[in-house]
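Numbers here simply count residues along the sequence, with the first being 1. The figures here come from the full heavy-atom set of this structure, side chains too, leaving out hydrogens, waters and symmetry mates. Small disclaimer: the values here were computed from a predicted structure and weren't measured.
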Amino acid sequence: MKYFLLFISLFFYSVIYSQTSIKGKNIFRHIEYLSCDALQGRWPGTKGDSIAGQYIKTAFSKSGVLPLFGQYDQPFDVIVKLDAPASGNFIRAGSEESLLLNKQYSIFPFSGSAILEAPVLFAGDNAIAFSAQQHSKPCWIVLWRHKTADPATDSLSDYALSVRAMQNGAAGVILISPDSVDSKDVLVRLRPRRDKPIAIPVVQLTRKVWQQMQAKLFSGTTAGDKNYYLSAALLSGSVNIRQQKVIARNIVGIIKGSDPQLQNEYIVLGAHYDHLGYGGFGTGSLKPDTTAIHNGADDNASGTAALLEIAKALQRNQKQLKRSVIVVAFAAEEEGLLGSQYFTDHLPVSQSAIKVMLNMDMVGRLNAEHQLYMGGAGTFPGGVDFMKSLGEGSGLNVVVHAGGVGGSDHVSFYRKGISCIGLHTGGHPQYHTPADDAELIHVAGIEKVARYIYRAVYALSVRKGEWGFIKQE
């Protein structure tokens with residue numbers, strides 16, 4: 001009996017020691033390096049991005065974390081920039097001068113490239129416009145945006161409206177933001193997105209420009225039978241989008257579980273390591289008129305640094321893990337979750353073998369209430385209570401949501417029907433600006449957060465009971 005008690009004591013000592021071996025000062029050293037000016041904001045495909053990737057691989061290797069693919073790299077192509085040169089792009093009515101790109105009109109990232117001259121179909125609402133399309137020759141169709149979030153970023157509704165118009169025979173699409181959607185009438189940014197380009201031009205006009213243009217296009221035009229207008233005048237347009245592609249790399253390691261059966265089941269722990277480079281128009285910077293290094297200390301050097309130290313502690317405690325743990329530093333998250341999308345599209349193991357994914361994005365700015373937020377805990381049975389129970393004695397106020405899956409890399413797993421939890425310490429004024437620097441990191445706070453996440457991964461690796469994906473609203 002005494003030998004059994006000694007074994008149990010050593011077992012729990014090992015787990016607790018591995019947790020307390022996670023030190024805020026070590027995490028902070030990683031953050032300082034990953035967010036230093038020399039890495040120039042870790043924009044995908046740049047030298048700074050490559051240096052960051054090599055740093056992560058070296059840290060994994062030193063910790064004993066094995067590469068999952070025989071190598072740590074999982075490379076994939078990324079469109080990092082879309083250019084619309086002024087010489088190849090114009091919109092004009094008749095003999096009028098062309099509208100000013102990014103001032104009076106903009107081009108949607110999923111737009112096709114084409115030269116087009118056609119009449120314009122306009123109605124009071126989209127349903128009437130789509131109905132009128134059935135009785136009209138190929139034309140530009142004017143549609144109203146439904147977007148209610150960030151007006152400068154194209155939405156699924158923008159894409160869906162444009163695809164429907166194309167399928168109905170439209171030659172081009174003009175999207176307008178009604179005042180109820182965007183009172184400031186912000187133009188969409190030409191920024192790479194996940195959606196595949198469609199075959200026809202898709203542009204946005206400001207409300208002011210559209211109001212002025214109507215008088216030129218529809219002078220003398222009579223309404224159709226169902227209160228729509230088809231212009232007698234033609235609208236000319238040219239859309240020419242150039243893509244800049246680079247190779248980005250997810251960095252993937254594995255810590256093998258010790259149980260002969262459960263080691264073939266997996267917990268995934270991830271964080272993205274890319275950021276916005278020098279910022280500027282189309283990068284996602286909230287200071288788009290400022291060209292300066294966006295170091296991204298909290299977003300997401302903090303999550304990457306925590307990943308490195310948690311992986312080291314898990315590897316040290318590998319004999320006590322039952323399920324295996326896949327650790328992933330995702331590339332190109334800021335460009336639309338591209339790294340995690342590629343990973344989930346090319347899973348290295350059976351999807352059913354992945355029990356849950358935990359994602360860390362911005363975990364370095366713990367607030368005065370010590371709140372660690374998480375969404376998606378309800379995507380596996382008992383997840384909410386499970387994650388709450390782990391917060392006891394952590395020094396954290398864990399705010400656990402069953403839904404609220406959010407918008408970081410764990411969403412790629414959710415879309416595949418894989419249980420997932422996103423963890424973060426909340427937003428702040430420095431988010432997506434050049435001011436997100438290491439000096440603002442809460443060192444003691446990120447130590448508590450990383451220790452909590454270590455406990456969560458360990459507990460999930462030995463967890464008994466029911467698993468299965470639960471969709472959240």
Side-chain angles (χ1 to χ4, degrees), residues 149 155-157 160 194 252 254 257 259 261-272 303 307 310 314 321-328 330 333 336-337 339-363 371-392 394 396-426 449 452-473:
S155 71
L156 288 176
S157 62
R194 286 165 23 96
V252 190
I254 186 166
D259 186 278
Q261 281 76 43
L262 293 181
Q263 68 176 205
N264 296 314
E265 297 180 358
Y266 302 88
I267 311 301
V268 178
L269 179 65
H272 77 88
L307 178 72
I310 295 169
L314 289 168
L321 298 174
K322 291 187 176 181
R323 294 180 177 88
S324 298
V325 180
I326 296 173
V327 288
V328 193
F330 294 111
E333 186 271 351
L337 315 184
S340 55
Q341 178 186 330
Y342 187 86
F343 183 85
T344 55
D345 284 345
H346 302 82
L347 286 174
V349 298
S350 167
Q351 178 172 320
S352 62
I354 299 177
K355 297 306 168 185
V356 64
M357 186 272 178
L358 274 64
N359 183 55
M360 301 173 287
D361 194 349
M362 297 176 60
V363 293
Q371 291 169 315
L372 173 62
Y373 303 95
M374 60 193 84
T379 57
F380 67 95
V384 172
D385 290 339
F386 186 84
M387 299 304 290
K388 284 182 178 178
S389 69
L390 293 170
E392 296 175 8
S394 67
L396 297 171
N397 176 12
V398 293
V399 182
V400 185
H401 298 285
V405 176
S408 188
D409 284 308
H410 56 291
V411 174
S412 295
F413 291 78
Y414 182 83
R415 288 170 177 159
K416 294 290 186 180
I418 299 171
S419 302
C420 59
I421 299 175
L423 301 105
H424 65 99
T425 52
V449 169
Y452 170 86
I453 295 170
Y454 167 86
R455 288 178 63 191
V457 174
Y458 169 77
L460 289 165
S461 83
V462 301
R463 180 179 183 263
K464 297 179 181 179
E466 184 184 0
W467 291 96
F469 175 73
I470 302 172
K471 186 176 181 180
Q472 299 295 313
E473 297 299 328

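- With sequence neighbours excluded, the residues that form a salt bridge (Lys or Arg N to Asp or Glu O under 4.0 Å) with K416 are D345.
- For the atom pair CZ of R463 and CD of E265, the computed distance is 11.0 Å after rounding to the nearest 0.5 Å.
- Under the side chain to side chain contact (heavy atoms under 4.5 Å, CB included) test applied with Q351, the options V349, I354, L347 reduce to a single match, L347.
- Between G391 and S394, the shortest heavy-atom contact is O-OG, 2.6 Å.
- To the nearest 0.5 Å, atom OG of residue S419 and atom CD1 of residue I267 are 9.5 Å apart.
- Residues F386 and A459 come closest through the heavy atom pair CZ-CB, 3.6 Å.
- A ring-centre distance under 6.0 Å is not found for F330 and Y342.
- D361 is listed as a side-chain neighbour of E333, based on a closest heavy-atom distance under 4.5 Å.
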| said: Walk me through whether V399 and M374 qualify under side chain to side chain contact (heavy atoms under 4.5 Å, CB included). | reply: CA-CA 6 Å; V399 182; M374 60 193 84; over 6 Å; no

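- A distance-only check finds a donor-acceptor pair linking the side chain of S324 to the backbone of Q263 [under 3.5 Å].
- Contact annotation: the side chain of V328 approaches that of V268 to within less than 4.5 Å [non-hydrogen atoms, C-beta and beyond].
- Looking at V327 and I254, their side chains never come closer than 4.5 Å, going by heavy atoms from C-beta outward.
- Side-chain contact check for T425 versus Q371: every heavy-atom pair is 4.5 Å or farther apart.
- For R323 and Y266, the positive end is not near the middle of the six-membered ring at less than 6.0 Å and at most 45° from its axis.
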| request: Could you go through the side chain to side chain contact (heavy atoms under 4.5 Å, CB included) check for K355 and L460 one step at a time? | output: CA-CA 9 Å; K355 297 306 168 185; L460 289 165; over 6 Å; no

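- Between R455 and L390, the closest heavy-atom pair is NH1-O, 3.2 Å.
- Using a 4.5 Å heavy-atom cutoff, the side chains of F380 and I470 are not in contact.
- Between Q472 and T379 the shortest side-chain heavy-atom distance falls below 4.5 Å.
- When each of I421, L269, L307 is tested with I453 by the rule side chain to side chain contact (heavy atoms under 4.5 Å, CB included), just one qualifies, namely L269.
- Remark: the backbone N or O of G426 is paired with a side-chain donor or acceptor of H424 at under 3.5 angstrom.
- To the nearest 0.5 Å, atom CG of residue L423 and atom CE of residue M387 are 5.5 Å apart.
- The shortest distance between side-chain heavy atoms of Y452 and L372 falls below 4.5 Å.
- Distance CE/M360 to NE2/H272: 11.0 Å, rounded to 0.5 Å.
- Note that OH of Y414 is 15.5 Å distant from OG of S408, once rounded to the nearest 0.5 Å.
- Summarising the geometry of C420 relative to F413, their closest heavy-atom pair is CB-CB, 4.3 Å, with the distance given to 0.1 Å.
- Looking at every heavy atom in both residues, L321 comes nearest to L314 through CD1-O, 3.8 Å.
- For the pair M357/N359, a side-chain contact is recorded, criterion being any heavy-atom separation below 4.5 Å from C-beta on.
- To the nearest 0.5 angstrom, D409 atom CG is 11.0 Å from F343 atom CZ.
- Pairing each heavy atom of S340 with each of S412, the nearest pair is OG-OG, 2.8 Å.
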